[in-house]
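Here is the naming used below: chain letters follow the sequence lines, and residue numbers restart at 1 for every chain. What you see is a predicted model; the values in this text were computed from it and never measured. All values below come from the heavy atoms of this structure, side chains included, with hydrogens, waters and symmetry mates left out.
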Amino acid sequence: MGGERRSPPRSPLHLGPWQVNMQYDHKRIEQEWRDRWKAEKTYHVENDPSKPKYYVLDMFPYPSGAGLHVGHPLGYIASDIVARYKRHSGFNVLHPMGYDSFGLPAEQYAIQTGQHPAKTTEINLARYREQLDRIGFSFDWDREVRTSDPNYYKWTQWIFLQLFDSWYDTAQDKARPIAELIARFEERGCKGQDASVLTGDIEEFVGEFDAAEWKAFDERTKQLVLQYFRLAYLSDAWVNWCPALGTVLANDEVKDGVSERGGHPVERKKMRQWSMRITAYAQRLLNGLDDLDWSTSLKESQRNWIGRSEGALVRFALTPNPSPKERGGMPSDPQADSEGKRNSATERPAYLTADFKSASELQQFARDNRKEPTEAEDRLWQVIRGSATGGRIRRQHAIDKYIVDFVSLPKQLVIEVDGDIHEHQEDEDSGRTHMLQELGFEVIRFTNQEVMADAIAVRESIIVALSKRPDFNTTRHSPLSSGEGQGVREIEVFTTRPDTLFGVSFLTLAPEHELVSILTTDERRAEVEAYVKTASNRSERDRQAEVDKVSGVFTGSYAKHPFTGADVPIWVGDYVLAGYGTGAVMAVPGGDQRDWRFAKHFGLPIIAVTEGADIEKEADERKDATICSEGFLKGLKVPEAITRAIQELEKLNAGEGRINFRLRDAAFGRQRYWGEPIPVYYKDDIPYAVKEEHLPLILPEVDKFLPTEDGEPPLARATDWHYSPLVGRGAGGEGHYPLETTTMPGWAGSSWYFLRYMDPKNEGRFASPEAIKYWGQVDLYMGGSEHATGHLLYFRFWTKFLHDRGWLPFDEPAKKLVNQGMIQGVSQSVGVAYVSLDHMVTKENRGMRIPLREGGYFEFMNSHKFLRYNEEGVPIAQTVLMEADAKLLRDFEGMNRLYAQEINVPVQVVVDGTLNVVDYMKSLEGQKHEDAVFVSEAGVWHEGKFTPFAGAEPLGVRTKPVVEKMSKSKLNVVNPDEIISKYGADTLRLYEMFLGPLEQSKPWDTNGIEGTFRFLRKFWNLFRISGDPNAPSSTDAPVASTHRVDLKVDLDETEPTKPEFKALHATLKKVTEDIEHMSFNTSVSQFMIAVNELGSLKCHKRHVLEPLTIALAPFAPHIAEELWHLLGHKTSVTLAPWPKFDEKHLVEDNFSYPISFNGKTRMVLELPASLTKEEVEAIVLANPEVQQRLEGNSPKKVIVVPKRIVNIVV
RNA sequence: ACGGACGUGGCGGAAUGGUAGACGCGCUGGUCUUAGGAACCAGUACUGCAAGGUGUGGGGGUUCGAGUCCCCCCGUCCGUACCA
């Protein structure tokens, strides 16, 4: 194998056996140095506190099976240059690499092939590593981490447990151990502020209780209450369910209604689900952005994703008439869990993200409406609440005109507890039961005595009854209303413009809003239900596509305006999103264009709210307008009016200032196999943490990677998926409890990996405090902008959390972040048409004609020569490929029964814009267009034969280049391995950097690479290297042996001349500055300039070439290392100190002054650089050419900027 | 629609408010070669025979001086997308 690497350079100069001029042989050099670096652990990094540290990190790659294309290493090369540069500059540099090796693609592949994902992942990693190794990165592979390694995910699980064991204390504004919350409950219970649950997607909230009540709760109830506070929590939440992938996805994993990976449709589904309370950190995630050195676009993306908006929550009281109380419903219990549909992350005051009633309001409510729940009801509630029955039971829920005791909505099962009242009202009860059955509900009844005697037995009966019911899971269609245990009193809306309150002419509810059915009057019910049904049947995509269509319907009900007391009609409209704010808006057609369009469409009143608005034409959304509404806001500017309106609302207890976030809590459980097991077991259906000493909880073996027949996640297939706190994981039995069967999402492992690199082998902690203190934050984080709202948000969230709990001294992971741009591919496209049979053989018997570029036609005659036949010998449609020339295509499209389009052909079979037909045909063997007819300007190809038009030479089909994303499916992928074997890794590295600014997207053009390759060869030749090409190469010797001795340099040891020094130091200066500014394309240019200059100066001096070699080392490490050793050094160039540039070599005696007249440069005068302004002016004006240009006029003004320019104003 | 980035030769792209087009590709001509898809030399924004003139998406402004700063418009790309 060494022999092959030693193969002679492409054009050896046959000067004789000895002292041959040795040409740059990248294959030999690169292989040799890669081996030696590995053997000598050149890039090994110690945690060495005596040296300043620098942490350069690349975003965690997920190695798919597809392998790298030339776009992938771009960021790695840039970060490697910085890492190497910092090392030369005296820093101890941490520049690690590892793999995000859990994930969906490997699992999908496993399902398809039956192979264990660990195995296919291993293969992918090996291939990825091999490709990385070829590029010459300075990674310390001893620090490699893999998220799927139990030694790694042990700590991912540990962090999960920390989150499970924490709650967010809004007073201290940080996460605290849950024990502190328990202590607080024991001391003062849960009241007011404390009772506020903080979350986006959670739909329940904790009632108030005092210390005594807390202590009286049984263990189960306590645990259920704590669920509402934990940062990792289990709840019934609306999730993005992807049926094709069989799992839940986080919001950032869904794009345009389909999964980001694979593009499968995603639907909204309500599921019991692990979530992460990232919403608690919304404000801090926002604030933290200000101090980060990240690109503005990335910070903007995060700001938009978090979506903070300030405004007010306004309560519109409902007019009495249609309220359920008056319609015969029973009064309700405000202390029971109030659902109040919180999809929003509405907060108050700072970080509270759930909606909740203010204490005063609750009390008032309680006074008005309190219904003492019977003891039996309460008893039963304690045992069936939450998820005790396997699904959620709601209490005191309004159905049609009744309020039932308990109901399971998905199962449409009503549970009634009959006390004395019912016994006296049997007639009425049977009517009620009948009515509920009409509505599709089953009703089961228990007596007070039954419940009091054995509530658990009653629960079991309920569970049995539930299990017999089909799963309706159609909450939004059910004729249900306001939520658990609460009569409808008001509608809450969120608005950013409370100053426009006087312009409210109607309210609009989202079709999914829970008040819709209860507010709908009987005469409007049919219409409203039809509308809601249509709206809900439309997919997210349809809805998005039809944003300009106005639709809606009136419910028949009215609300009261908080200021004027006027009746405000309540409408339903699908322009209101259920998921944002409260799912209801106050419509101000005069101030909001969406409301305006709705009002215009339905003829609703449009009230002017601002001065100077032309409300007939459009709404006035200006934020600097003056309010014109009569009343206390009149004459105020918008910002002042907002403040004033909020004050007035608060006075009336009709609303208050609010901050609303768009950010939702993140779904954390995946119904998949290939991920970290969530270290939780269930006792009595309550999740408990697996003990730390039992971590890692190893991913179990399963027979198949598919869900079970009951739809349980794959982990449920494992036979040993039980846990005992005493002995750990086991097969079950006494004292063993079932373990959680969902696994963590891909982002779990990547949210903290930067910490593990600091101390990757630590068995006692995720990383030692010393290592964390030393390495600290990432100094440079390099990666793609596609992670803006996913990884980078979770990454920051976990860091802040670990900081809160005292594990980290900093609360942001990466100070500086750079997004490398994409390298785009250049696709080559041709036209394709499918010519139908009847067109070919009929058409007035003329056969098929193809119009040609220069006019005229090529005719497929009636010979059927080009027809394709199927097995029965019947001719079928023929594929025709032709030049992707617009005219040609157009002509095809215009012809009957033809279908024409453009397709890409592999870039490998295109040379200089011409498709090599023969190669292409070969690549298509057995595929779609295998027997296509190719029509080019010169003739027609068919079955490998060329039929020329008169006099034409055989020619391929001309292709059209299109710049687009580089991807396998677009057939435009350029593989780095091919580039490396032809030009070497150093050339690849230089060229990728040379292509353009790092952060910009730019197309890859392999043709341009020759320039950088030539540069390296020229640089090599400056060293005048000679040797014996037949001498044994050190590549045949053990890798650790000393460097080969058969090459030598012929350098000039004398002191460099001034121009030589200048060429060197100008380069050192520019390159140093450019690396600091990450402007690598210009540093490569500068190296080229230097080499060109030194070449024309015929400079072969050690004192010039040696520093230049060090400066080149970060960019082209292999050649630099080789030359460094040829210069006589015994240690790696990596250890050489960075050469300092000296300004004195750049000082010129003379300066060529551009002389401009009125700013336009007309001539250049070389003058001594030491001259003062006045001297320059005098000399310039005395110059005859200047005089000639002045034509005797004296200049109005002369501007002299020393060593820069002279400008003469005439 | 909103937010962000950007707009310079045939192409990728240079240019602290100071000679626009560095460097590279491509192209043209030449040298050397059996040959060139090797190497080297020269040229290459546009226009004009030339002197010269014109040029950084368009228009306006600030300045002695604008690719660069400010305002308006046009266009491209990337996010987000009825967010109240």
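The separation of B:G9 from B:A5, taken at their C1' atoms, amounts to 23 Å, rounded to a whole angstrom. Atom P of B:U54 sits at a distance of 16 Å from the matching atom of B:G48, rounded to the whole Å. The P atoms of B:A35 and B:G26 are separated by 22 Å, rounded to the nearest whole Å. Atom P of B:G18 sits at a distance of 25 Å from the matching atom of B:G12, rounded to the whole Å. With both ends at atom P, the span from B:G59 to B:U68 equals 13 Å, rounded to whole Å. Going from the P atom of B:A50 to that of B:C6 covers 39 Å, rounded to whole Å. Here the separation of B:A22 from B:C32, taken at their P atoms, is 29 Å to the nearest Å. Across the P atoms, B:G10 and B:G21 are found 16 Å apart, a figure rounded to whole Å.
Separating the CD atom of A:Glu1010 from the C1' atom of B:G26 is a distance of 12 Å, rounded to the nearest angstrom. In this structure, CD1 of A:Ile1155 is placed 17 Å from P of B:G65, rounded to the nearest angstrom. In this structure, A:His787 atom NE2 and B:G79 atom P are separated by 14 Å, rounded to whole Å. As rounded to whole Å, 14 Å separates atom C1' of B:U19 from atom CD of A:Glu1185. Rounded to whole angstrom, the span from the CZ atom of A:Phe316 across to the P atom of B:A84 amounts to 17 Å. Atom CG of A:Asn1158 is separated from atom P of B:C64 by 12 Å (rounded to the nearest Å).
In this structure, B:G9 shows a glycosidic angle within 90 degrees of zero, which is the syn conformation.
Side-chain contact between A:Leu292 and A:Leu817 is absent, with no heavy-atom pair separated by less than 4.5 Å. Side-chain contact between A:Arg658 and A:Phe494: present, with at least one pair of heavy atoms (C-beta onward) separated by less than 4.5 Å.
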Mind listing the N/O atom pairs, protein and nucleotides 11-14 of chain B, below 3.5 Å?
from: B:G12; atom 1: O2'; to: A:Leu995; atom 2: O; distance (Å): 2.4
from: B:G13; atom 1: O3'; to: A:Asn1081; atom 2: ND2; distance (Å): 3.3
from: B:A14; atom 1: OP1; to: A:Asn1081; atom 2: ND2; distance (Å): 2.9

Pull out every protein N or O sitting under 3.5 Å from an N or O of nucleotides 51-61 of chain B, one pair per line with the distance.
none

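Every side chain to side chain donor-acceptor pair (under 3.5 Å) that A:Asp919 has, sequence neighbours left out, goes to A:Asn916. Looking at residues two or more places apart in sequence or on another chain, you find a salt bridge (Lys or Arg N to Asp or Glu O under 4.0 Å) between A:Arg303 and A:Asp290, A:Glu300. In this structure A:Lys1070 satisfies the side chain to side chain contact (heavy atoms under 4.5 Å, CB included) test together with A:Asp1074, A:Thr1082, A:Gln1086, sequence neighbours excluded. Remark: A:Glu1073 engages no residue in a salt bridge (Lys or Arg N to Asp or Glu O under 4.0 Å) (not counting sequence neighbours). Residues meeting the salt bridge (Lys or Arg N to Asp or Glu O under 4.0 Å) test with A:Lys600, sequence neighbours left out: A:Glu616. A:Lys299 pairs by the salt bridge (Lys or Arg N to Asp or Glu O under 4.0 Å) definition with nothing, not counting sequence neighbours. When the side chain to side chain contact (heavy atoms under 4.5 Å, CB included) test is applied to A:Gln828, the partners found at least two apart in sequence or on another chain are A:Val826, A:Val905, A:Val907, A:Val910, A:Thr959, A:Pro961.
Residue A:Asp595 is classed as having no contact, given no heavy-atom separation below 4.0 Å to the nucleic acid. Using a 4.0 Å heavy-atom criterion, one finds that A:Val1201 contacts the bases of the nucleic acid, with or without backbone contacts as well. Nucleic acid contact for A:Arg303: none, since no nucleic acid atom lies under 4.0 Å from a heavy atom of the residue.
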Query raised in the report: Step by step, would you call A:Ile1009 with A:Ile979 a side chain to side chain contact (heavy atoms under 4.5 Å, CB included)?
Result: CA-CA 9 Å; A:Ile1009 203 167; A:Ile979 304 285; 3.3 Å; yes

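Between A:Arg662 and B:A81 there is a side-chain polar atom (N or O) within less than 4.0 angstrom of OP1 or OP2. Using a 4.0 Å cut-off, no side-chain N or O of A:Ser1156 falls inside it from OP1 or OP2 of B:U19. Regarding contacts with the backbone of B:A1, every side-chain N or O of A:Arg594 stays at 4.0 angstrom or more from both OP1 and OP2.
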Contacts under 3.5 angstrom, residues 498-508 of chain A side chains, donor-acceptor by atom type, not counting sequence neighbours:
from: A:Asp499; atom 1: OD1; to: A:Arg497; atom 2: NE; distance (Å): 3.0
from: A:Asp499; atom 1: OD2; to: A:Arg497; atom 2: NE; distance (Å): 3.2
from: A:Asp499; atom 1: OD2; to: A:Arg497; atom 2: NH2; distance (Å): 3.0
from: A:Thr500; atom 1: OG1; to: A:Arg497; atom 2: O; distance (Å): 2.7
from: A:Ser505; atom 1: OG; to: A:Pro605; atom 2: O; distance (Å): 2.8
from: A:Thr508; atom 1: OG1; to: A:Tyr575; atom 2: OH; distance (Å): 3.2

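When distances are taken from the side chain of A:Ile1089 to each of B:C23, B:C25, B:C82, the shortest belongs to B:C23. Checking B:G65, B:G4, B:A84 against every side-chain atom of A:Val576, the shortest atom distance belongs to B:A84.
Comparing A:Pro1154 and A:Asn1007 by the nucleotide of RNA chain B that holds the closest heavy atom to each, the one mapping nearer the 5' end is A:Pro1154. Two residues, A:Ile1208 and A:Gln824, neighbour RNA chain B, and the one matched to the more 5' nucleotide by heavy-atom proximity is A:Ile1208.
Within the structure, the side-chain hydrogen bond (donor to acceptor under 3.5 Å, both in side chains) test picks out the following pairs touching residues 995-1004 of chain A (sequence neighbours left out): A:Trp1004-A:Thr1006.
Below 30°, between 30° and 60°, or above 60°: for A:Phe1151 and A:Tyr1153 the angle between ring planes is above 60°, a perpendicular geometry.
Paired regions of RNA chain B, where each region holds three or more successive Watson-Crick or G-U pairs whose two hydrogen-bonding distances fall under 3.5 Å, are B:1-7 with B:74-80, B:10-12 with B:23-25, B:26-31 with B:39-44, B:45-47 with B:52-54, B:57-61 with B:69-73.
In summary, A:Lys623 and A:Glu621 do not engage in a salt bridge, as defined by a charged side-chain N under 4.0 Å from a carboxylate O.
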